[in-house]
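To start, the structure under review is shown below, and the notes come after it.
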Amino acid sequence: MSRKLGVGSTWTFSRIAGLAGLAGLGFAILIVSINAFLVPAGLPHTGAETNDVVQFFTTQQDTVGLASALAPIAWVLATLFGAGAVSVLWRTDREQGTAWSLVGFAGVILQNITFTGVMAARLALASTTAQDSSTIAGLWALHNALFIFNGTFLALAMTGLSISGRRAGLIRRWHGGIGLLAAALQFGSAVLSPLVIDDPGPVGLLGLVGWLIWVVWIVAYSITLIRLTSAPTQAIPNDRRTGPVESFRSDHRQADLPNGQRRHPAQQRVEPPESAQA
């Protein structure tokens, strides 16, 4: 569960989790910052008229460029967050014969790819002349379609990491609950919005509420991962065929966990083996 990097340097999964938590917080800050640049500047909503789209992307090129410059950093941080979460959850998934953490990580990667298309469409719109209205209309339609379907992968990320986190005892019931709620809202928006893409109406609120909950969810998940860095772990030898394993004992109540589940090992206190106590 650890890798030696040099004298006095050992990277345990809890330290990796801490870095993943910081990456998750950085990702959340960046996506909120990007929207803080674009929305007040007048970013057109899905289904906006072509004239509004032309006016925004011809007058706010610098704003679009700044947001586009921040986006690659956000995608890197999202990938680190997802990979760190898998490093913490994968052992429990294997023990239980599941792979929910991989489902969540796949959602993170796919949303990165999809939103790359969204940001590429915005850059292309900002580089297109106002006279070429037909090209602008086509790029905006593509932007809207990619933006809508991105909710599918946000839903996948929250579903996989929420279920895996709950089964491992890493996150609490309320945290897993809001993750599944936001996933349902995002997926519902992705399924319904193509039917009303020119005028989302109330359906657009599903995606907005789901996105706001997604931000809360990832911030809470990131803080949970950061807290793992302070959880003590102790590696003890086991059967030679299996090699070293980590032994954990809990001094926390498990009342908030479903039957048959236990709190994640990194949230448990380690006691010395009986041989050491003797």
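The chain is numbered in sequence order, starting from 1.
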For Ala20 and Ala85, the nearest pair of non-hydrogen atoms, with its separation, is CB-N, 4.4 Å
inquiry  = Could you check whether any side-chain heavy atom of Thr159 comes within less than 4.5 Å of a side-chain heavy atom of Phe187, counting everything from C-beta outward?
reply    = no
Quiz prompt | Test item: Leu142 and Leu146 side chains (from C-beta on) under 4.5 Å apart, heavy atoms | solution = yes
For Asn112 and Trp75, indicate whether the former's side chain and the latter's backbone hold a donor-acceptor pair under 3.5 Å.
yes
| field | Steps toward side-chain contact (heavy atoms from CB on, under 4.5 Å) verdict (Leu30, Ile73) | value | CA-CA 8 Å; Leu30 278 178; Ile73 303 173; 3.5 Å; yes
In this structure, CG of Leu102 is separated from CD1 of Ile109 (nearest 0.5 Å) by 11.5 Å
Are Val103 and Leu161 close enough that some pair of their side-chain heavy atoms sits under 4.5 Å apart? no
If hydrophobic clusters are built from ILVMFWY residues whose side chains come within less than 4.5 Å, do Val39 and Val32 share one?
no
One should read off an interatomic distance between Phe56 CZ and Trp140 CH2, to the nearest 0.5 angstrom, of 8.0 Å
*Do the side chain of Ser164 and the main chain of Gly160 share a donor and acceptor less than 3.5 angstrom apart?*
no
Short question: side chain of Gln186, backbone of Ala155 - any donor-acceptor pair under 3.5 Å? no
Correct closest heavy-atom pair for Thr128 and Ala124 would be OG1-O, 2.7 Å
* **Any side-chain heavy-atom pair of Val76 and Phe27 under 4.5 Å** => no
Would a hydrophobic clustering, with Ile, Leu, Val, Met, Phe, Trp and Tyr connected at side-chain separations under 4.5 Å, put Val215 with Phe147?
no
query: Have Asp93 and Ser101 got a donor and an acceptor in their side chains that come within less than 3.5 Å?
result: yes
Requested in this report: Mark yes or no for whether Ser189, through its side chain, and Leu185, through its backbone, hold a donor-acceptor pair below 3.5 Å.
Outcome: no
Heavy-atom nearest pair, Gly210 first then Ala182, reads O-CB, 3.6 Å
Closest non-hydrogen atoms of Ser162 and Gly179, given as atom of the first, atom of the second and distance, are OG-CA, 3.6 Å
Show the numbers, then the answer: is there a side-chain contact (heavy atoms from CB on, under 4.5 Å) between Arg166 and Ile171? CA-CA 6 Å; Arg166 280 296 299 143; Ile171 63 175; 4.0 Å; yes
* Going hydrophobic residue to hydrophobic residue with side-chain gaps under 4.5 angstrom, can you get from Leu70 over to Ile29? -> no
**Prompt:** Does Phe37 share a hydrophobic cluster with Met119, counting links as ILVMFWY side-chain heavy atoms below 4.5 Å and allowing steps through other members?
**Reply:** no
Find out whether Met158 and Leu180 are in side-chain contact, i.e. whether some heavy atom of one side chain is under 4.5 Å from a heavy atom of the other. no
Is atom CG of Asp52 surrounded by more than 12 heavy atoms (other residues, nucleotides or ligands) closer than 6.0 Å?
yes
Next on the checklist: Contact between Leu139 and Arg122 at the side-chain level, heavy atoms closer than 4.5 Å - yes or no?
Outcome noted: no
(request) Apply the test side-chain contact (heavy atoms from CB on, under 4.5 Å) to residues Leu38 and Ile34: give CA-CA distance (whole Å), side-chain angles for both, the deciding distance (0.1 Å), then the verdict. (result) CA-CA 6 Å; Leu38 294 176; Ile34 289 172; 3.9 Å; yes
Exercise for review: Flag yes if Phe149 and Val108 sit in one hydrophobic cluster, no otherwise; membership is Ile, Leu, Val, Met, Phe, Trp, Tyr, and two members link when side-chain heavy atoms are under 4.5 Å apart.
Suggested key: no
Heavy-atom nearest pair, His143 first then Ala121, reads CB-CB, 3.9 Å
Quiz prompt | Backbone of Gln55 reached by a side-chain donor or acceptor of Thr58 within 3.5 Å | solution = yes
The reported gap from CD1 in Ile31 to CD1 in Ile218 (rounded to nearest 0.5 angstrom) is 6.0 Å
| So do the side chains of Tyr221 and His175 get within less than 4.5 Å of each other, counting heavy atoms only? | yes
Review point. How far apart are the C-alpha atoms of Trp217 and Leu154, what are their side-chain angles, what is the distance that settles it, and do they pass the side-chain contact (heavy atoms from CB on, under 4.5 Å) test?
Key: CA-CA 11 Å; Trp217 176 88; Leu154 291 179; over 6 Å; no
Would you say the side chain of Leu77 lies within less than 4.5 Å of the side chain of Phe81, judging by non-hydrogen atoms? no
The reported gap from CZ in Arg91 to CD in Gln96 (rounded to nearest 0.5 angstrom) is 11.5 Å
Interatomic distance, CG@Leu170 vs CG@Leu228, rounded to 0.5 Å, equals 5.5 Å
query = Do other residues, nucleotides or ligands put more than 12 heavy atoms under 6.0 Å from the CZ atom of Phe115?
reply = yes
Smallest heavy-atom separation, Pro44 atom then Val53 atom, equals CG-CA, 3.9 Å
To the nearest 0.5 Å, atom CG of Leu123 lies from atom CD of Gln61 at 10.5 Å
